[in-house]
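For reference, the structure is listed below as C-alpha cells.
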Amino acid sequence: MVLFYTSNAVTPPAIIYMGKDKHENEDLIKYAWPQDVWFHVDKLSSAHVYLRMPDGMSWEAIPEALLVDCAQLVKANSIEGNKKDNISIIYTPAENLKKSGDMAIGQVAFHNDKRVKRVHVPKRENPIVNRLNKTKVEREVDHESERVERIKKENAAKRAIAAAKKKADAELAKAREAEKAARSYDNMLLGEDEDEPVPQPTSVQEMMDDFM
C-alpha cells in the first residue's frame, strides 16, 4: 500500500507519498518517477518520503514552504526522529538512489553524493503535520502498469511536440519562400524599368519644342 498526501503549499498542489512499510519502499525505489525527489531523516531510520514535483519545478529550487511540508512529514514518520529536535533531513532526486543486491531491505546509497541536499528541522510543527494527515489517501498501486502508462503519455507528448515543431518549421519555410519569390519579382520589375530607353531629342527644334 502507498500513502498519498497533498501539499497546498504551492499552486497547483503537490503530491507527497510514501510506502506503508519497508517492503513497499523497495518498489518505490524501483518505480519512482523521473520528477520524484526522495526524502529521509539523516542517519536515523524513517519512512522513505517522495515528492512528485509539479511540471517546471527543479529539485534544487523547491519552494521553501513545500520543502518544509516534506521535511515535517519525514520527521513525523520516524520513530526516533519524531522525538528529537534539531535533526537533518536529506533529499535527492529519486534517480540518484542506488540499490545493490547486498543491501538490506529499505537501504539505499547514492550514485552521486554531491546531488544530496540537507534541510534543518528545529522541531515538529503539529499544524503542518495535521494539515497533511487530513489529506492522506491509502491505495494499492500497480507500479508496473503505472510505469507503462506514464511512458505512453510521455511518448505521446513528445510526439505531439515534435509534430507541432515540424508544422511550425514547414510554415516558416513556406513563408520564407514566399518572401523570396516576392523579392525576386520586385527585382525583376525594377530591372525592366531600368532597361527601358529614355527618348532623346534628335534636333534643336525638338529640344525647343520640349522646352515650350
Side-chain angles (χ1 to χ4, degrees), residues 1-42 44-60 62-63 65-82 89-112 115-117 119 128-160:
M1 300 295 287
V2 181
L3 308 179
F4 292 89
Y5 303 80
T6 302
S7 170
N8 293 304
V10 292
T11 303
I15 299 299
I16 305 171
Y17 69 96
M18 68 179 77
K20 192 172 182 179
D21 56 44
K22 62 183 182 180
H23 297 285
E24 184 66 38
N25 285 336
E26 291 295 294
D27 285 337
L28 297 185
I29 294 169
K30 179 179 178 181
Y31 288 103
W33 291 20
Q35 62 266 46
D36 289 350
V37 181
W38 174 89
F39 291 78
H40 197 276
V41 175
D42 191 21
L44 295 176
S45 176
S46 78
H48 293 228
V49 174
Y50 293 81
L51 165 66
R52 182 148 294 160
M53 291 188 296
D55 291 340
M57 185 179 293
S58 164
W59 83 274
E60 294 177 303
I62 298 172
L66 180 56
L67 195 60
V68 169
D69 274 10
C70 294
Q72 284 292 330
L73 198 58
V74 176
K75 175 178 170 57
N77 285 275
S78 169
I79 295 175
E80 189 175 356
N82 191 42
I89 305 296
I90 56 175
Y91 62 102
T92 190
E95 65 185 10
N96 191 41
L97 299 178
K98 181 173 68 175
K99 184 77 179 181
S100 59
D102 59 344
M103 288 181 173
I105 293 177
Q107 184 181 5
V108 296
F110 308 114
H111 292 290
N112 184 353
R115 297 189 73 200
V116 179
K117 286 180 171 288
V119 57
I128 295 176
V129 176
N130 292 340
R131 168 170 55 81
L132 291 170
N133 280 333
K134 288 178 181 179
T135 71
K136 182 170 67 173
V137 175
E138 182 177 334
R139 65 181 174 88
E140 194 77 41
V141 177
D142 185 335
H143 295 289
E144 181 59 27
S145 295
E146 190 178 70
R147 184 187 71 84
V148 171
E149 187 63 25
R150 172 179 60 81
I151 292 174
K152 284 172 60 178
K153 288 181 179 179
E154 289 175 350
N155 289 340
K158 290 177 182 178
R159 287 195 298 270

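Side-chain atoms are counted along with the backbone in the values below, which use heavy atoms only and exclude waters and symmetry mates.
- Using modelled atom types, no side-chain atom of S78 and backbone atom of K75 make a donor-acceptor pair closer than 3.5 Å.
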Going through the distances and angles, do E60 and K117 end up as a side-chain contact (heavy atoms from CB on, under 4.5 Å)? CA-CA 8 Å; E60 294 177 303; K117 286 180 171 288; 4.0 Å; yes
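- More than 12 heavy atoms of other residues, nucleotides or ligands shown are found within 6.0 angstrom of NZ on K99.
- Rounding to the nearest 0.5 Å gives a distance of 9.5 Å between CD of Q107 and CD1 of I29.
- Of the possible donor and acceptor atoms, none in the side chain of S7 sits under 3.5 Å from a partner among the backbone N and O of D69.
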Please output the side-chain donor-acceptor pairs of residues 8-20 that fall under 3.5 Å, not counting sequence neighbours, one pair per line with the distance.
from	atom 1	to	atom 2	distance (Å)
Y17	OH	D36	OD2	2.5
Y17	OH	R52	NH2	3.3
K20	NZ	E138	OE2	2.8

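- Put simply, the side chain of M57 reaches to within 4.5 Å of the side chain of L66, judged on heavy atoms.
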side-chain contact (heavy atoms from CB on, under 4.5 Å) evaluation trace for V2 with Y50: CA-CA 11 Å; V2 181; Y50 293 81; over 6 Å; no
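- Contact record, W59 with V116: CH2-N, 4.3 Å, taken as the closest heavy-atom pair.
- Taken to the nearest 0.5 Å, the CG atom of N96 stands 5.5 Å off from the CG atom of N112.
- Atom OG1 of residue T92 and atom NE2 of residue H111 lie 9.5 Å apart, to the nearest 0.5 angstrom.
- No side-chain heavy atom of F4 sits less than 4.5 Å from a side-chain heavy atom of T135.
- From K134, atom NZ reaches atom OG1 of T6 across 14.0 Å, with rounding to the nearest 0.5 Å.
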Quick one: do Y31 and V141 satisfy side-chain contact (heavy atoms from CB on, under 4.5 Å)? Show the steps, please. CA-CA 11 Å; Y31 288 103; V141 177; over 6 Å; no
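- Within the model, atoms CD1 of I79 and CG of L44 stand 11.0 Å from one another, a figure rounded to the nearest 0.5 Å.
- Looking at H40, its side chain never comes within 3.5 Å of a backbone N or O of I89 through a donor-acceptor pair.
- The shortest distance between side-chain heavy atoms of K136 and L132 does not fall below 4.5 Å.
- By the 6.0 Å and 45° rule, R115 does not stack over the aromatic ring of F110.
- Ring geometry, F39 versus Y91: the interplanar angle falls under 30°, so the pair is classed parallel (tilted spans 30 to 60°).
- Side chain of Q72 to backbone of V129: no donor-acceptor contact under 3.5 angstrom is found.
- The structure places CD1 of I105 at 4.5 Å from NE2 of H23, a figure rounded to the nearest 0.5 Å.
- Between Y5 and N133, the closest heavy-atom pair is CE2-OD1, 3.5 Å.
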